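Single-structure report; data block below.
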Amino acid sequence: ELKVEQNPLFLSMQEGKNYTIYCNYSTTSDRLYWYRQDPGKSLESLFVLLSNGAVKQEGRLMASLDTKARLSTLHITAAVHDLSATYFCAVKLGGATNKLIFGTGTLLAVQP
Amino acid sequence: SAVISQKPSRDICQRGTSLTIQCQVDSQVTMMFWYRQQPGQSLTLIATANQGSEATYESGFVIDKFPISRPNLTFSTLTVSNMSPEDSSIYLCSVEVVRETQYFGPGTRLLVL
């Protein structure tokens with residue numbers, strides 16, 4: 001059974017600081033997703049990582065994928081309050097299912 | 001991309017009743033997915049709904065409790081049957097756009113009293 005673990009579960013950080021969220025998964029996969037969820041809202045797609053060594057950046061967020069280590073990271077640079085949200089990674093199972101297994105989520109609170 | 005709408009956006013229901021949630025997509029998609037997000041939790045896949053075939057349910061979810069319809073390539077419904085307070089959750093539908101990502105609907109917030 002595929003398991004997806006994120007850490008930390010909760011992250012409180014000050015504006016201007018850098019931090020990394022980690023996403024470990026237990027079996028091989030050909031695709032990894034990062035989503036953002038604001039309170040009371042649905043999920044917003046941030047990144048899709050397709051191959052080993054993939055790196056994508058959007059603003060203050062950068063995501064990377066190491067398929068050999070079964071690890072993805074979401075790095076936050078110079079955090080701002082607007083980044084406060086819950087971040088989920090999700091791993092796509094191979095084959096014809098196309099289904100996603102979600103991580104536990106990381107609640108990020110950026111303090112002024 | 002894909003724009004997804006869900007109805008209702010929220011509801012408060014009495015235990016023992018059933019609620020049908022609708023999911024409409026602005027383009028034709030092969031696979032639609034239904035997820036549940038319990039309060040403060042991550043997302044759990046309920047079932048995959050393909051047009052023209054029976055839905056495929058994940059472990060712990062059964063058709064009698066969560067019947068799904070998929071009459072065409074842009075629409076699906078999920079019914080939560082014989083509800084109990086433990087069914088209080090957010091229910092989200094999603095679609096996969098080939099070579100893009102999985103897009104999620106706005107969710108249906110269900111409270112069962």
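Everything numeric here is computed off the predicted structure, so don't read it as measured data. Note on naming: letters A, B, ... go to the chains in the order of the sequence lines (proteins, then strands), and numbering restarts at 1 for each one. Computed from heavy atoms alone, side chains included, the values below leave out hydrogens, waters and symmetry copies.
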Ignoring hydrogens and angles, tell me if any N or O in the side chain of B:Ser42 forms a donor-acceptor pair with the backbone of A:Gly105 under 3.5 Å. no
How long is the span from the NZ atom in A:Lys92 to the CD atom in B:Gln102, to the nearest 0.5 Å? 7.5 Å
Heavy-atom proximity to chain A below 4.5 Å, by part of B:Gln41: backbone
Are A:Tyr33 and B:Val29 co-members of a hydrophobic cluster defined by side-chain heavy atoms under 4.5 Å apart? no
Are the side chains of B:Leu43 and A:Leu100 in contact, using a 4.5 Å heavy-atom criterion? no
Just wondering, more than 12 heavy atoms not from B:Phe61 lying within 6.0 Å of its CZ? yes
Is there a chain of hydrophobic side chains (I, L, V, M, F, W, Y, each step under 4.5 Å between heavy atoms) that links B:Phe33 to A:Phe88? yes
Are B:Ile68 and B:Leu45 connected into the same hydrophobic cluster when the rule is that any two of I, L, V, M, F, W, Y join if their side-chain heavy atoms are below 4.5 Å apart? no
Can a donor-acceptor pair be found, under 3.5 Å and without considering hydrogens, that links the side chain of A:Ser42 to the backbone of B:Gly107? no
Point-to-point distance, once rounded to the nearest 0.5 Å, from CD of B:Gln37 to CG of A:Leu43: 6.5 Å
Taking side chain as everything from C-beta outward and backbone as N, CA, C, O, which of these in A:Gln37 sits under 4.5 Å from a heavy atom of chain B? Side chain, backbone, both or neither. side chain
Measuring from B:Thr44:OG1 to A:Phe102:CZ, what's the distance to the nearest 0.5 Å? 10.0 Å
Under 4.5 Å between side-chain heavy atoms, hopping through other hydrophobics if needed: is there a path connecting A:Leu46 to A:Val110? yes
Linking I/L/V/M/F/W/Y whenever their side-chain heavy atoms sit closer than 4.5 Å, directly or via other members, would A:Leu71 and A:Trp34 fall into one cluster? no
Which atoms of A:Tyr35 approach chain B - backbone, side chain, both or neither, heavy atom under 4.5 Å: side chain
Working to the nearest 0.5 angstrom, can you tell me the gap between B:Ile90 CD1 and A:Lys41 NZ? 11.5 Å
Flag if over 12 foreign heavy atoms under 6.0 Å of CD, B:Glu54: no
If I measure from the heavy atoms of chain B, does A:Thr104 come under 4.5 Å with its side chain, its backbone, both, or neither? backbone
Within the supplied structure, the quantity of interest is the number of heavy atoms (other residues, nucleotides, ligands) at a distance under 6.0 Å from B:Phe75 CZ; does it exceed 12? yes
